[in-house]
K.L.:
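Got a structure here, written out as structure tokens. Questions coming.
Order of the sequence lines sets the chain letters (A, B, ...), proteins ahead of strands, with each chain counted from 1.
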Amino acid sequence: MLHGLIPEASSFAGNIDWLIFLVLVLVGFWFIVAEGVFFWLIFRFRSRPGHKGQYLTGHEKHVERWIKIPHALVLICDVIIIIGAVHVWYIVKMHLPPADYTVRVTGQQWDWVFQQPGADGKLDTKDDIYTTDSLHVEVNKTYHFLLESRDVIHDFSVPVFRLKQDAVPGRTITGWFRPTETGTFDIQCAKLCGIGHGVMVGSMVVETPAQHAAWVAKNTPTSAQ
Amino acid sequence: MAQASAATVHAHEHGSHEHKELHGVLKYLWSTDHKVIAMQYLFTGMFMAMVGGFLAYVFRMQLAFPGKSVPLFGYVSPGRYNALITAHGSIMIFWVAMPVLIAAFGNFLIPLMIGADDMVFPRLNRLSYQVFLLSVIVILSSLFVKGGGFGGAWTAYPPLSANAKYNLTPLGSSMWLMAVALEFVAFLLGGINFITTLMNARAPGMKAYDIPMLPWMVVLASIMFMLSVGPLIAGAIMLFFDQNLGTGFYDPARGGDPILWQHLFWFFGHPEVYVVLLPAVGIVLEVIATFARKKLFGYKTLLYTAAATAVLSFFVWAHHQFIAGIDPRMANIFTVTTLIISIPIAEMCFVIIATLYGGNIRLSTPMLWALAFMGEFLIGGVTGIFLGASGADIYLHETYFVLAHFHYTFFPIAIIGTFAGFTYWFPKMFGKMLNDTLGKIHFWGTIIPFNFIFIPLFILGLEGQQRRIYDFQNFPELQHLQPIRILATISLVVMLLFQFVFFFNVIRTWIKGPKAPKNPWHSNTLEWTVESPPPHGNWPPDQMPKVYRGPYEYNHPDREDDYWPQNIPPEREPTPSPAR
Amino acid sequence: MSEQDRDTHQHHPDYWKIYVALVILLAISVVGTFSGILWITFIMAFGVALVKATLVAENFMHLKWEKVIAKWVLGIALILMVLFFAGVSPDIMKDRGLQWVNNADLAATARGIPDEEEPEKGAPASAPDSTKAAAATQTAAAAPAAAPFSPETTFKTVCAACHGPEGEGNGPGAAALNPKPANFTDPAFWTDKTDSVLEKAIRQGGASVGKSSAMPAWGSILTEAQAKQMVAYLHTLKGK
Amino acid sequence: MQTPIATTRSATGIPTGRLAIWWVVASEIVIFGGLLLSYVMHRIGHPEWAIAQAHTHTFVGAFNTFVLLTASFTAVKGHEAAEKGDGKKAAKFLYLTMGGACLFILVKSLEWTSEILEGYTIQANGFWAFYYTAAGLHALHVIAGAIVIFFVARDAAKGRNLQRVEYVGIYWHFVDIIWIFLFPLLYIAK
């Protein structure tokens, strides 16, 4: 549903968009029904000469039905939405698929510091690459990210991936994403973190395997060759 | 309350009400009359609404025309931008919505509507306003101290709010916290007064289900506030010590935990939004019942759904923290409870809409505001489901979608609901009738631009624009959305300009408006049985009203008038009035 | 004394007996601490506290003879506290959960109980981040020192965000800041600056040398030696 | 200032003053509940705080508990006297309660000074932060209680507003109950 507004560039973006569309359909229906009945009643029972109001205590059967039925239907819609929400939540946040690479993302006041595995693909080894403004990843590879913060609460957010997770100081939070589109996308900080919150911009550069290998080779720290 | 003793204790009404009458200015500053205190809260709340509105104008201009100097303000640096949004959020909730909706309408109407001459503790009532005034002074002066106002948003998440090294506003953050704490104390004192007055000081003959909706809702809101604010007061003490004594309650390196504050805050935060919602619903119900000339559709259904919402609101708080680092398994529980709470609210809306069925609707200004509340609040309620569903919240959290959602709930509550109540009770409060055409111009001039501010913000939210960013030029993917931000800002300016129509209408009516009769809208509740404006002590001590029926007996078959005030004794043997 | 109060309150239990019971219970809870077995102490302490609290509430506060509405008021407050504990404890009480580990807690616990674990080996590893718990990541925390430290790349990646690629103080972040970041190419900047002041500014942040506190402390990324190399690199920017 | 008619009404059967005090106690339950539960959660999350907690003096805490229990006893005896209309006797008991409060504060301040001199300040460690905050908030409530008891006792001595002796008693017993839970939490759970 969001496709027109923002591209889907990660594997679970589709699931989240589907859920938003499901909620829109169910909730939109009830919204239109309620507003429709609302405006119709205002017009139908507007004050006119000779028109007199009725006395209803709300317990008359024919009137009460009009509340009981929508009440039950809203309950059913809510159950459907709950199932959809928990399903998507399980896929994105609770279940970690096996990772091809692991990166460490550290938020600090007003910049992101990325620690990426070098050519050996292992984190915390000699050939790790430290960058602060862009995270270079390979398309169609599953990445785990270890999210930390050095000072205040930040939020690692990549809108096109539909990825958003707070970085809480003192905690290491693990999440995953799997890019499906190449290109350069925004990384935002989505939690107010002080004066420089507005400049905490990073770029998520999704490259083809060849480009990525070339980038790694170029940026591996000289000593590790 | 539910099982109030059937025979209300007919303690013969001893304790008279004459005492030396204050004179001159002292009458307005030192009075313990619940009506004067209500006016003090009302005017302070409306002044703070103007302050909050001005802050919104300034930062919306910065968003629409980044980097340019804002007329009437100047250059908006990032630090000042954060201070502006924090002050706007805090002032609009704590110093506009709560004082006007709970304290002003509650103080003025609860004693009048339940047939009492004043609140049970008049001096405690006066003290609560004085503590509130102190909190107003502290929050306003916190904007001008060295380092500027606190810039950590009204949620004040530590470690940003706990450490001056991070928020760079050492004085501003402590003063903000002190102002909020004082405001809590003021509303705790006021709350005890409201709850005890409603529980004990009802007119003889007024049983639990004869109480009009507004007192019920304001007292239910006070109970929710009192029971939810406790942990946050403890949290505020800890945060204050972190800020000033260097303790480490929220500093992870020293054994603290920033997530603790989020839990403490939102355990209060979510009941808080229902604390301001229920009085607004109470006002809207009174206005709709009066102008639709119709009995409320299921008085008990409304009361039970309001109580259910109040209880459930304590189970949902962590839907504000789905992606804030809480354990993902907890999020499932809170998704379920959040969607469950949408059911009583939905039923309340259905019942309000159903009240219009079979009515004789007169579209005067108060009714327009009440109906607009219903129409707009439906959008707010409906968009809440997107955010309550944890899966969708992953994308929508902290975006402008959230901002548009809560403005579609807060604006109907704090502005539309307040104007509904203000225009409805203006004759009773000030003794003069407001001009209806000016009222309608002001109504349409506020409602139409309001939608043109926040519908565009929904679109921005879906595009992934996140909140609290002072300049979106730094984000390549969001630069192309600038025209939408300009549209929202222009609609805000138009809406603010229309407010002068309202001020003109009020001032003109004060000076030379037509005198208001006792019961201009032909309503049933007790406040319309005293003169307007009501004298001190409301009724003479020996003519305190007695209640014979429910508050919404409109178009009753046994009566030729289309209304039946509560205090009129039944002429002949009262026909067994149909089930309430 | 309005007569409502007199008729509702005829019940005065023997306060002496209750007071003596309370004192005895207090003695029991204190004696319980010498049992040495942890759970006995807990049972004694909190069980006794609960009994004492009910005794005081029932008899001294006359809750036993109070109308049920008052019991409901207090009961709801207590139920809410249980609800609060249930909703919050999974995050605060435990130090790990699904997909998250509270390193700070683990580190504090590891530091706090040295006698149980063998003390930490040698000086704290120059882990790039003090909150990295020894327990959490056993691997030798690779500081940037492992890879050869080049001040130029660090400047380009870390400092350029505010100071600009050539150090003129015009980086993208500078637009946000007031006062503006230092301009290293301007000779006037160097007139009153010693190397040690610059190192301190880099490692402990601008505020530590009286400058704008918008300059964060990079000490967690850069060691002493690296800060010296950074200052040396800044000299090369002078007069560019 | 004459009391309004509203205050004399009692639709629930509970006198207005006592009903208000029950609400004050309810709001205090949630405040102290929030603080103590936060402490309990942190204490369970940080077993290493036991080392710091070992430096608290259990006997001083026990003595203070005894002082508060006695003060509670005299407060309820005062209420019994006020119930019988004997203002003088009620005032005497209330002054005893005030004495107990002052003794409690005295013992607490001595205890705190010794701990602070040993270096266990509020900044020292997470446990000490909670220790001083919780016990401090409670001590503030003891002081506030003592002040209110003084005014109520003075009125009671002149036979006025005797029903307030009971209301201040309820508040005082609640402050005692908070200490009954604080004592094991801070002192015994080592």
Side-chain angles (χ1 to χ4, degrees), chain A residues 2 5-6 16 19-20 23 27 31 34-35 37-38 41-42 45-47 51-59 66-67 70-71 74-75 78 81-82 85-86 88-89 92-94 151-153 155 157 159 162 164-166 168-171 173 186 188 190-195 197-199 201, chain B residues 78-79 153 157 159-160 166-168 252 258 293-295 297-298 323-325 328 331-332 335-336 339 342-343 346-347 350 353-354 356-362 378 382 385-386 389-392 394-395 397-398 462-464 466 468-471 474-477 554-557 562 578-579:
Chain A
L2 288 175
L5 301 170
I6 183 162
I16 292 183
L19 177 64
I20 292 177
V23 173
V27 151
F31 173 65
E35 292 279 3
V37 168
F38 178 61
L41 283 178
I42 296 173
F45 292 99
R46 68 190 181 292
S47 170
H51 171 77
K52 206 170 184 319
Q54 301 163 18
Y55 183 82
L56 297 165
T57 63
H59 299 296
W66 283 96
I67 292 295
H71 183 66
V74 162
L75 191 71
D78 274 347
I81 294 173
I82 288 174
V86 170
V88 168
W89 181 260
V92 177
K93 291 286 179 190
M94 296 177 76
D151 34 44
V152 291
I153 295 176
D155 186 298
S157 159
R162 310 294 186 277
K164 199 169 285 179
Q165 178 56 49
D166 270 19
V168 181
R171 276 175 156 78
I173 297 170
D186 275 2
Q188 307 162 343
K191 191 70 81 175
L192 184 61
C193 56
I195 281 187
H197 172 60
V199 287
V201 190
Chain B
Y157 279 2
L160 178 66
Y166 296 141
N167 58 36
L168 308 176
R293 311 309 294 161
K294 174 116 188 333
K295 186 178 176 54
F297 186 92
I323 52 133
N332 292 331
T335 297
V336 173
L339 286 179
S342 74
I343 294 164
E347 183 164 359
F350 293 154
I353 294 172
L356 299 175
Y357 178 84
N360 181 5
I361 301 169
R362 281 178 297 150
L378 275 177
V382 143
I385 309 288
F386 287 88
S390 51
I394 297 169
Y395 175 61
H397 183 69
E398 283 286 317
L462 290 171
E463 300 256 359
Q466 85 271 28
R468 296 164 176 165
I469 298 288
Y470 81 102
D471 178 0
N474 300 332
F475 295 87
E477 280 172 8
Y554 290 103
N555 284 313
H556 194 279
D562 68 351

K.L.:
Any side-chain heavy atom of B:L356 sitting closer than 4.5 Å to one from A:I42?
P.N.:
yes

K.L.:
Quick one: what part of A:L41 sits under 4.5 Å from any heavy atom of chain B, side chain, backbone, both or neither?
P.N.:
both

K.L.:
Counting only non-hydrogen atoms closer than 4.5 Å, does B:P258 touch chain A with its backbone (N, CA, C, O), its side chain (CB onward), both, or neither?
P.N.:
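Looking at B:P258, just its side chain touches chain A.
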
K.L.:
Going from CZ on A:R46 to CD1 on B:I361, what distance comes out if it is rounded to the nearest 0.5 angstrom?
P.N.:
10.0 Å

K.L.:
For a quick test of reading the model, state the closest non-hydrogen atom pair linking B:D562 to A:K52 and the distance between them.
P.N.:
CB-NZ, 4.3 Å

K.L.:
For a quick test of reading the model, state the closest non-hydrogen atom pair linking B:G391 to A:V88 and the distance between them.
P.N.:
CA-CG1, 3.8 Å

K.L.:
What pair of heavy atoms forms the shortest contact from A:D166 to B:A324, and how long is it?
P.N.:
OD2-CA, 3.3 Å

K.L.:
Which region of A:I173, side chain (C-beta onward) or backbone (N, CA, C, O), has a non-hydrogen atom less than 4.5 Å from a non-hydrogen atom of chain B, or is it both or neither?
P.N.:
side chain

K.L.:
Out of curiosity, A:E35 CD to B:I353 CD1, how far, rounded to the nearest 0.5 Å?
P.N.:
7.0 Å

K.L.:
Given B:F386 and A:V27, is the side-chain contact (heavy atoms from CB on, under 4.5 Å) satisfied, shown in steps?
P.N.:
CA-CA 9 Å; B:F386 287 88; A:V27 151; 4.2 Å; yes

K.L.:
Would you compute the distance between atom CG of B:L168 and atom CD1 of A:I195 and round it to the nearest 0.5 angstrom?
P.N.:
4.5 Å

K.L.:
Sort out for me which of B:P557, B:P252, B:G358 touches chain A most, counting heavy-atom pairs under 4.5 Å.
P.N.:
B:G358

K.L.:
Within the 4.5 Å heavy-atom criterion, are B:I469 and A:H197 side-chain neighbours or not?
P.N.:
yes

K.L.:
Applying side-chain contact (heavy atoms from CB on, under 4.5 Å), run through A:Q54 and B:N555 and close with a yes or a no.
P.N.:
CA-CA 6 Å; A:Q54 301 163 18; B:N555 284 313; over 6 Å; no

K.L.:
Check B:A389 against A:L19 and note the closest heavy-atom contact, atom names and distance.
P.N.:
CB-CD2, 4.5 Å

K.L.:
So for B:A346, is it side chain, backbone, both, or neither that comes closer than 4.5 Å to the heavy atoms of chain A?
P.N.:
side chain

K.L.:
Sequence neighbours left out, what passes side chain to side chain contact (heavy atoms under 4.5 Å, CB included) with B:E477? Give chain and number order.
P.N.:
A:P159, A:V160, A:F185, A:D186

K.L.:
Search all heavy atoms of A:Y55 against all heavy atoms of B:Y554 and return the closest pair with its distance.
P.N.:
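For A:Y55 versus B:Y554, the nearest heavy atoms are CD1-O, 3.2 Å.
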
K.L.:
Need one label for B:Y157: side chain, backbone, both or neither, based on atoms under 4.5 Å from any heavy atom in chain A.
P.N.:
side chain

K.L.:
Calculate, to the nearest 0.5 Å, the distance between atoms CD1 and CG belonging to B:I343 and A:D78 respectively.
P.N.:
4.5 Å

K.L.:
For A:R171, is it the side chain, the backbone, both or neither that has a heavy atom under 4.5 Å from a heavy atom of chain B?
P.N.:
side chain

K.L.:
Measure the CD1-OH distance between A:I153 and B:Y166 for me, rounded to the nearest 0.5 Å.
P.N.:
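Spacing of CD1 (A:I153) from OH (B:Y166) equals 11.5 Å.
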
K.L.:
Do the non-hydrogen side-chain atoms of A:V74 and B:E347 ever get within less than 4.5 Å of each other?
P.N.:
no

K.L.:
Just wondering, do B:I394 and A:R162 contact through their side chains at under 4.5 Å, heavy atoms?
P.N.:
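No - every pair of side-chain heavy atoms lies 4.5 Å or more apart.
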
K.L.:
To the nearest 0.5 Å, what is the distance between NE2 (B:H397) and CG (A:D155)?
P.N.:
6.5 Å

K.L.:
Run the side chain to side chain contact (heavy atoms under 4.5 Å, CB included) test against A:V86 and tell me which residues pass, sequence neighbours left out.
P.N.:
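Listed in chain order: A:I82, B:N332.
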
K.L.:
Does the side chain of B:Y395 come within less than 4.5 Å of A:I20's, by heavy atoms?
P.N.:
yes

K.L.:
Check whether any side-chain heavy atom of A:L192 sits under 4.5 Å from a side-chain heavy atom of B:E398, and report yes or no.
P.N.:
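Counting from C-beta outward, A:L192 and B:E398 never come under 4.5 Å.
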
K.L.:
Give me the atom names and distance for the closest heavy-atom approach of B:K294 to A:L56.
P.N.:
CE-CD1, 3.6 Å

